[in-house]
Amino acid sequence: MGSREQQYGGLDGFRIVAAILVIAIHTSPLLSYSELADFTFTRILARVAVPFFFMCTGFFMLPRIGPDTRKNREVLWPFLWKVGTLYLFSIALYIPVNVYAGYFANGFSVLSFLKDLVFNGTLYHLWYFPGIMLGGWISCQLYARLSAKKAFVVAGMLYAIGLFGDSYYGIAQMSPVVDSIYQSMFHLFDYTRNGIFFAPVFIVMGGVIAASRGSEKLVRRGDNESIRHGGNVSHGDNESISNNGRVRRAKNNVRRDRHRILAFASGFVMCLCLLAAEALLLHASHLQRHDSMYLFLLPCMYFLFQLLLCVRGRSMPAVRKLCLYVYIIHPLCIVLIRAAGKVTGLSSMIVENSLIHFVLVTALAFAVSAMWLALAKRNRDKPKPTGRAWAEIHLPNLLHNLRECQRVLPVRSEVMAVVKAQAYGHGGWQIAQALSQAGIKRFAVATMEEGIELRKKGVKGEILILGYTHESNVRQLARYKLTQTVVDAEYAETLNACRVRVQVQIKIDTGMGRLGESYANIDRIVSMYRCPYLQVGGTFTHLCVADRLEKTDVAYTESQIAHFHEVIEYLRAQGIDPGKLHVQSSYGMLNYSGLHYDYARIGIALYGMLSSADDTVMTGVELRPVLSLKARVAHVKQADKGSTVGYGRSYTVERDSKIAIISIGYADGIPRMLSQAGASCLIRGSRAPLIGSVCMDQLMVDVTHIADVGQGDVATLIGSDQDECITATTLAKQCGTITNELVSRIGERVKRVYIRE
Ligand SMILES: *Cc1c(COP(=O)(O)O)cnc(C)c1O
């Protein structure tokens, strides 16, 4: 299953076209030659640009909107925040231009500024930002409350109201009542082309298209799944049958795709012609007040977007940014080219010739944006402590895994991010901050110190300490608003006796045999809820064989869940509120996704790994590893046949060899016996086997077969290098352990480098 983000090359490519069209709208390239041609190009055809950007937003955002308002907020707020900051930046950027144009002189008031801020934009192109924020907000509200179809109908009605204030205004004017309504609306905003009447229909349409694709994919994935299951019943022959089936299906898909492309392309061309006819007619009959909104723009955009989705190709996140920057700065480029014209006396050529003007503005806007992009990237890349040994933590993959978990969990089940042990070696507060920004509000740590560290780094929300905290620290618990796990009834009493109000959650042992009051001791459990100083916010238990799918293990897990339920039911019958309930950790989620609890405590899955290479799980999640582990080649030497390498002369060189010393060792978390397990690392895209024992600070590899290995080269212990890849799961298997242990033991000397893009 190809990763989702690799498939939107068509959309990203068209962003460039759309950005150029926007520049055309603002420079009228054909005006020097023919007014009609320019109108047709910039006021009709180029009008696809902005709706296209709206649809992209809807396409990627709305599928994450559902009935749960809390989850929706986690989608909507980061979006509004991101666009909002860009908007503020843009406003500030254009203040000099505003001053020059007399914006603050002519009838400027707080009210007019507010109107511009919310609807019109403080410069002509900036309406887009409040437009997409307002439109995005409205669309999410509609989408959360109505079916996709109804949301589209409501957004369509808003669009219809907008139409009569835009290119159909002449018709609205025919009725004095309607006209007066529109007149009063125009006190509030200059155009109906805004976040209320224009944007929502396109944003919702993007969401509808995404939803329709989603269900289609499920169907396709569904038939693959059943084939695989068929193959599992008896191996051998069935395998080849299923392969044939797959080939046939692939061929069918190609044929289906070709039909789709043809249908969408002809639909698009037809609607574009109808759009042109509609617009020219309205223009000729002088009905237009403005020329952004047309009836046929809707089907036109639908077909265009579907067509672009058929274009295969890698997504290009850099292009996305580039086009955004072009959008923001092109008016500045117009000003600059004009100024250059004046200064050089070349105005007649570079400004008055509309086509040359357009080309120059476009070139300048793209050049400046590319520079901006490069500069931003360089600044981001600056502090890379990658001198000796380091771990690259790829945050976009973390967020991807988060979304995958949220997709698998029932709507009302929240992810409680388990960030104990420095987030399994990924860096505790850094991971918590990144997840916090993505809307996560529940965290779990192992110790009080870990919890305090998160608070000191500004992490908000609930922080549950899963482990034991001695009662002498009770004031710290209260001060940092940490939630303590009550590990048994005695502990509840001890903690309560401190007479400090603390937040707690009660842990029930349902068969794990670790922390928690045993489910059998129901009276002791009840007593835990009756401690006046303990504010019980939740009750939980931990599963111990949720990772296994054998019958007896499933039965055991089910008995654990049943015991938990008995306890909860009993408490409720006694009038005790057990608070939030949670049972599952990663494997609990992956294998028992049907369970409905308030939280799921997710650790290893967030970091993009299963615990062990041999595990299969019941849910189709696509997890991406977050961590790569790298170190430098410190030294390269020749070793003659028969010589030995390392402590204890444990390795004898069998032929004349080239040996590289890598600057990472067991103090950095590489198990000492790893070389005996046939492990290797990657250098220059090739596998270099470990030889001798791993030392405290170094290890040795054989690089005889790899050309040009030199001091300072990068050796990858976990991660990929060109076409080769070593996963933490493989490495963990070689060390005879699970990934959880391997990554959480990566040492403090290994600098964590956070990759945000
Ligand atoms: C560590 C831990 C988790 C997280 O487990 P994963 O398998 O990494 O998801 C959940 N609950 C408790 C009590 C834990 O100790």
Side-chain angles (χ1 to χ4, degrees), residues 398 401-402 404-406 408-409 413-426 428 431-432 435 440 442-448 450-451 462-469 482-488 491 504-517 519 537-549 553 557 560-561 564 580-593 595 597-613 615-619 621 623 625-627 728-729 732 737-746:
L398 176 77
N401 298 331
L402 172 65
E404 283 288 286
C405 294
Q406 288 170 330
V408 167
L409 285 171
S413 204
E414 258 182 273
V415 169
M416 172 179 260
V418 181
V419 294
K420 62 191 180 190
Q422 291 303 323
Y424 297 43
H426 293 61
I431 294 294
L435 291 171
I440 292 299
R442 324 271 166 198
F443 298 91
V445 294
T447 70
M448 184 185 72
E450 290 176 346
E462 183 176 20
I463 299 180
L464 173 64
I465 301 169
L466 295 169
Y468 167 80
T469 305
L482 303 171
T483 306
Q484 175 58 44
T485 295
V486 183
V487 303
D488 64 9
Y491 184 66
V504 299
Q505 293 214 12
I506 308 283
K507 183 153 193 192
I508 312 290
D509 182 4
T510 52
M512 164 89 181
R514 203 174 63 178
L515 292 184
E517 184 59 60
Y519 71 95
T539 305
F540 69 106
T541 188
H542 196 44
L543 304 174
C544 56
V545 278
D547 55 330
R548 305 275 188 74
L549 298 173
D553 296 324
T557 301
Q560 281 195 279
I561 295 165
F564 185 65
K580 301 284 187 189
L581 305 181
H582 41 115
V583 171
Q584 299 140 289
S585 57
S586 295
Y587 279 91
M589 168 188 71
L590 294 170
N591 288 331
Y592 299 87
S593 60
L595 296 176
Y597 290 106
D598 296 303
Y599 313 153
R601 304 180 304 271
I602 307 298
I604 196 73
L606 279 180
Y607 309 109
M609 298 174 272
L610 294 180
S611 292
S612 123
D615 285 341
T616 51
V617 293
M618 299 295 287
T619 349
V621 286
L623 298 175
V626 176
L627 177 142
T729 328
T737 181
I738 56 174
T739 51
N740 312 41
E741 180 182 353
L742 184 75
V743 291
S744 64
R745 292 181 75 157
I746 293 175

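Just so we're clear, the structure is a prediction, and the values are computed from it rather than from any experiment. Whatever order the structure lists them in is the order used to number ligands and atoms, beginning at 1.
Ligand 1 lies under 4.0 Å from heavy atoms of Val418, Lys420, Tyr424, Leu466, Lys507, Arg514, His542, Ser585, Ser586, Arg601, Ile602, Gly603, Ile604.
Taking the side-chain contact (heavy atoms from CB on, under 4.5 Å) definition, one finds that Asp598 meets it with Lys580, Leu581, sequence neighbours left out.
Put simply, the side chain of Thr619 does not reach to within 4.5 Å of the side chain of Glu404, judged on heavy atoms. In this structure, the side chains of Asp615 and Tyr587 come closer than 4.5 Å at one or more pairs of heavy atoms. Taking the side chain as every heavy atom from C-beta outward, Lys507 and Arg514 approach each other to under 4.5 Å.
For Phe540 and Tyr599, the gap between ring centers reaches or exceeds 6.0 Å.
Closest approach of Leu466 to Thr485, counting heavy atoms only: CA-OG1, 3.5 Å.
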